[in-house]
Amino acid sequence: GKFGDYGGQYVPEALMPAIEELDDAYQRYVLDNEDGFMDEFRQRLADFGGRPTPLQRADRLSERYDLDVYLKREDLLHGGAHKLNNALGQVLLAKYMGKDRIIAETGAGQHGTATAMAAAHLDMPCTIYMGERDINRQRPNVFRMKLNGSDVKPVTAGRGTLKEAISETMRDWAATVESTHYVIGSVVGPHPFPAMVRDFQAVISEEAREQAHEKLGGLPDSVIACAGGGSNTMGAFANFVDDDSVDLYAVEAGGSSLAVDEEAGVAPNSASLSTGDEGVLHGARTKLLQDSVGQIMESHSISSGLDYAGVGPELAYLVDEDRVTPVAVDDDAALEGFHRLSQTEGIIPALETAHAFGYLEEHHAELSGSVIVNVSGRGDKDLQSAIEETEAREIPNAPDMSMFSEGI
Amino acid sequence: GKFGDYGGQYVPEALMPAIEELDDAYQRYVLDNEDGFMDEFRQRLADFGGRPTPLQRADRLSERYDLDVYLKREDLLHGGAHKLNNALGQVLLAKYMGKDRIIAETGAGQHGTATAMAAAHLDMPCTIYMGERDINRQRPNVFRMKLNGSDVKPVTAGRGTLKEAISETMRDWAATVESTHYVIGSVVGPHPFPAMVRDFQAVISEEAREQAHEKLGGLPDSVIACAGGGSNTMGAFANFVDDDSVDLYAVEAGGSSLAVDEEAGVAPNSASLSTGDEGVLHGARTKLLQDSVGQIMESHSISSGLDYAGVGPELAYLVDEDRVTPVAVDDDAALEGFHRLSQTEGIIPALETAHAFGYLEEHHAELSGSVIVNVSGRGDKDLQSAIEETEAREIPNAPDMSMFSEGI
Amino acid sequence: MAENEAIAAAFADGPAFIPYLAVGDPDYEASKAYVEALARGGADIIELGLPFSEPIAEGSTIQNAIVRALEGGMTPDRFFEFVEELDVDVPLVCMTYYNLIYQYGRSRGGEPGPEAFVERAAEVGISGFVVPDLPAEEADPLRAACDEHGLDLVFIVAPTTEGDRLEEMMERVSGYVYVQARLGTTGAKTDVSDQTTRSLQRLAEWDVPKAVGFGISSGDQAARIVANGADGIIVGSALVDIVAAGVNSERPVDETAEKLAAKARELAAGTREGAARRNADIADADSA
Amino acid sequence: MAENEAIAAAFADGPAFIPYLAVGDPDYEASKAYVEALARGGADIIELGLPFSEPIAEGSTIQNAIVRALEGGMTPDRFFEFVEELDVDVPLVCMTYYNLIYQYGRSRGGEPGPEAFVERAAEVGISGFVVPDLPAEEADPLRAACDEHGLDLVFIVAPTTEGDRLEEMMERVSGYVYVQARLGTTGAKTDVSDQTTRSLQRLAEWDVPKAVGFGISSGDQAARIVANGADGIIVGSALVDIVAAGVNSERPVDETAEKLAAKARELAAGTREGAARRNADIADADSA
């Protein structure tokens, strides 16, 4: 359960038996395909989720950047993001484990909607905890979860965002651990979650690697993915980690600045790989945005899905090992990437995903050959924020923003 | 250009040369695959669009209805509906024809967003006409088109809905016909549009038929698709038309009633196949909702995508030939279908699509064996209307609607 | 093909001025006054628009007129009544969309098809038809009905119409041919396109009069176009604009009618002026 | 393993009453008054919560206390200062989350790891630790540092803890074991679960005192639990509720302190009462 010194199981004692039970189930069903679990999982990912997703050559971006840019189209997965790979895997695993209830936390609502879909599909009662402030910011996702039959519980503690929702979900789990599985939404948390979520998401790079052989005739020179908690990142990297020739770039949310305001306890970014220190959060030792004494900082990003103070322990390890290059682009660059992909390829990316394209826009000259960018999700959920945030800034390739407000 | 007595080319003389040019291009590129047009189209549909879409067995619905229910998952296509099949085909065809500009009309915005995506992908300037009232009702789709770089022109004439947008697009085309291609959004309009759009959409049933052989070991007993203009309908039926053993059901929007209010010029439904009379509209002879002297009625449906007074001429023909069975379900049944699929399978359908599931819910006892339902689009665009319309009615399987308004 | 005598007569004395109004805009009685004003102003033929709910070939000016007329209660039967009651002495051409022509038989309890509509039109004194959404390829049933009742069927030739399509039309046209001056839909514009001259040249061999329409709004334009060889000018939007202005400013009907008559006089004068110029040119050419 | 003498002494005279408060809630001075009130009320050991920003093991009562304390400016160094200044005569156990322990060394310019924190804690007079997010498997570095400085490391045994995991803890625990009375997080509840009895039975062979916590809010409950075999009772949320009520009603600090002292007296009395009942039971059993 360790990646170097990272990882581990830093959780309340009451949860340890559940985590051990999960570890056992992970080994049997996921690693050893007991009862054909992985076969059923893969079949459902195909039929229900829409896998494989395409690896598409982005002709216009390729020309613009003088690179061979390929897009791994996770935005086409059911629900609109890579999140279903994990949610479907965990809900199915919970069924194999004989659990009769699912809980999950959600920030931007993407993991919550994916879990709610998977739970409806597999007939599992499901409760989603969501900060009250996030609920108000992400109403369409709240509607989707509820329409899928999930119970969405508003969390009023603290600032009413992801952190508080995680704590509340942990509390529910601590009280119901015998019957309930907690579907963690990223490659974070105590072992076996980081390894298990990676394995569920690894289908991304498994397909991409095979598709690269078909379309590029070999391996790509680089793979680029945005990184918050890191599930799409590890999913996109996993099957390339052993290919030393492939550069792996984890693009973090640089927010407004990489500097921190220790006094206010605020890091105006979510760049834990680039700027964080080792520490323990939500069950694992990893890189964190924390103040000098170890209090967790409030992170910031225009993309709520990247807005998290921690990161998956395996990514922290791969960065320390120099296998993954952590980079960061700021909010402005992310918006530029958002508009670039929308205008140039007819794909509106999630603001999370837009960071990867912001990196490409800013740093394409440093890359060469072929690049796979993981399009982790679609931007339908972000239309309002993307427009508001663009209006508030000077984004070079922004469309005429007046048209979004005037006359219509 | 005829389907029995239906179809034809009832358009202003100024457009006739363009339509003849298009017919020529249709025959060469689409029917004869000149310059490898169809190969490129199919490749782009795969890479950019995400084809093939799955044919998924709906386990829980199958159990509920004691049928083998299979879902053809067009909701997973890029953009969230089958619309891209046609838009990508036509924009690519326009490129092959040497046109340098695209125009389209849109009602609910689905065809407009698909066209805007395809135009960005293929680097074609694009103008979309949309009624002002529709713009106000479908802002997210307006944002999507604009983010993709399309020019969205509000149409203020009349009631500011689809009819007026079609007229306005025709006007643009009449003035710019030499350089511009008009991307019609359904199997309607003058020849060759009904045949060409059918051929682009026929990929749905081409895949479904093959997938049925793999998954069912043969042909399904029935295929069900919702019908407005009829593009997903013809797409889902085309490759089954010659299979006499397969029953084809076109589910129209019954609205609030199948009766018409001749005095007010209003048909409170959009069921032109079930209740319409032969007439000429928007370039073709087909079945129409019209008053006794031939004025076109205002149609109605909770689903704006089905809200059209005409229907594709080929469908009118297939109904007269008893090959397609026209059926209609009302707004309430459509909402019941909407909630049924959302809760039971974890797929939130478009309100258009929900009509097909409303039919299944109401009439499953009359069906037997295996049924393919075309999930023509996802419901993200309809969340608000679905919730408002559900709140205003008594829908037996509605969730507790108070949760959508109270406290969040 | 039958040739309607009244229409033939209208072109017999030289180029014709052919105004258009939507019947029933903004209401039955006012509309009658307006049409009669056009006749008073010197119209040689009048095109009467029977409003259809989806006027795809019209610009916004005429579209709005059609909306006003429909809201004012105009129907095919009211239209026929209107024509019957009309006190004018010029041939009348009905301009409408094919679905209304096609459905009329059924609305009277018979089969759909153009016969019933044409029969009734002939009865009330209509001399011919212009049907903007009916290209020659789809026109045979209507052509046959017109022949039976001695009515003309006018086709629109667009700047883009060429080759076989011209043949198709030439075989079916009667009365006059409507030469569309430029691409686009109806609407008053100040430019008169070069395309007009080219179109007239293309139609030189046709033995029906060539009336030019789309975008003509002044006597000067009318004169120039006729001087360039047109046998007639068709003016719609510039007249409908006057009706619309009257509606918007709530002007009394007779004032609007007088303005229409004045505009008609200007356009009719322009038409005659153009004919005179052309004759002078011909005389010049003859004397050269 | 080292055994802290002060803690051992606290259990020597019979079952111990162990109250908890979040240090710095709602501010430094008030918090000192509250902790001293607990001592006055009869606490045998006091658990002092050093607030961490992500208290995943706490219920909402203590979570809110932690938020108040953090907003009041509580930090690890202020916490140590607080402990140093505290005028009480009972052993103090620091309850916090592992990241604060782990980072302290680095905040002082050294390496991360638990040594610096433990050293400083020992210096100010802390006798032991409870770290809710540190299971036995991850505890060796902290255990080693505690041994070096003579401090106890208390583990929480949950109702779900069984088999090998019990062994792991038994090997590493010192001072007392914190027996979690029911599943869930901290919070005052009126039920005392059957699981408590079962848990105590499972731990029968352990040679450290067994203190029961989670959900104890009254002297009666304390008495029943001690009568059932507990060597101590731990009460947090019921006391934090009093602090919170004081904050919400803007009650003077000394009034809230008095209410805390009163509650402590009730719980301490309950603890003694339970001990008396148990001794009576044992006497009954002996005489049977």
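Letters go in sequence order (proteins before strands), and every chain restarts at 1. These numbers come from the heavy atoms of this one structure, side chains and all, not from hydrogens, waters or symmetry mates. Just so it is clear, the structure is predicted and the values come from calculations on it, not from any experiment.
Contact annotation for D/Val157: only backbone heavy atoms (N, CA, C, O) come within less than 4.5 Å of a heavy atom of chain A. Contacts between D/Thr161 and chain A at a heavy-atom distance below 4.5 Å involve backbone atoms as well as side-chain atoms. For D/Pro51, the part sitting under 4.5 Å from any heavy atom of chain A is the backbone (N, CA, C, O) and nothing else. Residue contact with chain D, scored on non-hydrogen atoms closer than 4.5 Å, is absent for A/Asp291. Looking at D/Pro135, both its backbone and its side chain come within 4.5 Å of chain A, counting heavy atoms on both sides. Neither the backbone nor the side chain of D/Ile101 comes within less than 4.5 Å of any heavy atom in chain A.
Minimum heavy-atom separation, D/Glu138 to A/Gly8: OE2-CA, 3.3 Å. Considering every non-hydrogen atom in both A/His282 and D/Ile56, the closest pair reads CD2-CG2, 3.7 Å. Summarising the geometry of A/Val293 relative to D/Leu100, their closest heavy-atom pair is O-CD2, 3.4 Å, with the distance given to 0.1 Å. Smallest separation of non-hydrogen atoms from A/Ala14 and D/Thr160: O-OG1, 3.2 Å. In plain terms, the two heavy atoms of D/Gln63 and A/Ser167 that are nearest each other are NE2-CB, 4.4 Å.
Ranked by non-hydrogen atom pairs under 4.5 Å with chain A, the options D/Arg108, D/Met169, D/Glu162 are led by D/Met169. Taking A/Ser292, A/Pro12, A/Pro190 one by one and counting their heavy-atom pairs under 4.5 Å with chain D, the maximum is reached by A/Pro12.
Within the model, atoms CD of A/Glu164 and CD of D/Glu54 stand 7.5 Å from one another, a figure rounded to the nearest 0.5 Å. D/Tyr102 contributes atom OH, which lies 4.0 Å from atom CZ of A/Arg285 (distance to the nearest 0.5 angstrom). Expressed to the nearest 0.5 Å, how far OG of D/Ser53 lies from CD of A/Gln290 amounts to 9.0 Å. Taking CD from A/Gln295 and OG from D/Ser107, the interatomic distance works out to 11.0 Å, rounded to the nearest 0.5 Å.
Counted within 6.0 Å of CG on A/Asp5, heavy atoms from surrounding residues, nucleotides or ligands total 12 or fewer; the atom is thus considered open. Heavy atoms from other residues, nucleotides or ligands lying under 6.0 Å from OH of A/Tyr26 number more than 12. Within 6.0 Å of atom CG in D/Asn248, more than 12 heavy atoms from other residues, nucleotides or ligands are found, so the atom counts as buried in its surroundings. Counting heavy-atom neighbours within 6.0 Å of D/Glu84 CD, excluding the residue itself, gives a total above 12. For A/Glu263, the CD atom sits in a loose shell: 12 or fewer heavy atoms of surrounding residues, nucleotides or ligands are nearer than 6.0 Å.
For the pair A/Glu278 and D/Arg106, the salt-bridge criterion is not met [side-chain N within less than 4.0 Å of a carboxylate O].
D/Glu137 places a side-chain heavy atom less than 4.5 Å from the side chain of A/Glu20. Put simply, the side chain of D/Asn99 does not reach to within 4.5 Å of the side chain of A/Leu281, judged on heavy atoms. Using a 4.5 Å heavy-atom cutoff, the side chains of A/Val280 and D/Asp133 are in contact.
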Check against salt bridge (charged side-chain N to carboxylate O under 4.0 Å, His left out), D/Arg165 and A/Glu13: CA-CA 9 Å; D/Arg165 306 220 63 266; A/Glu13 177 56 31; 2.3 Å; yes
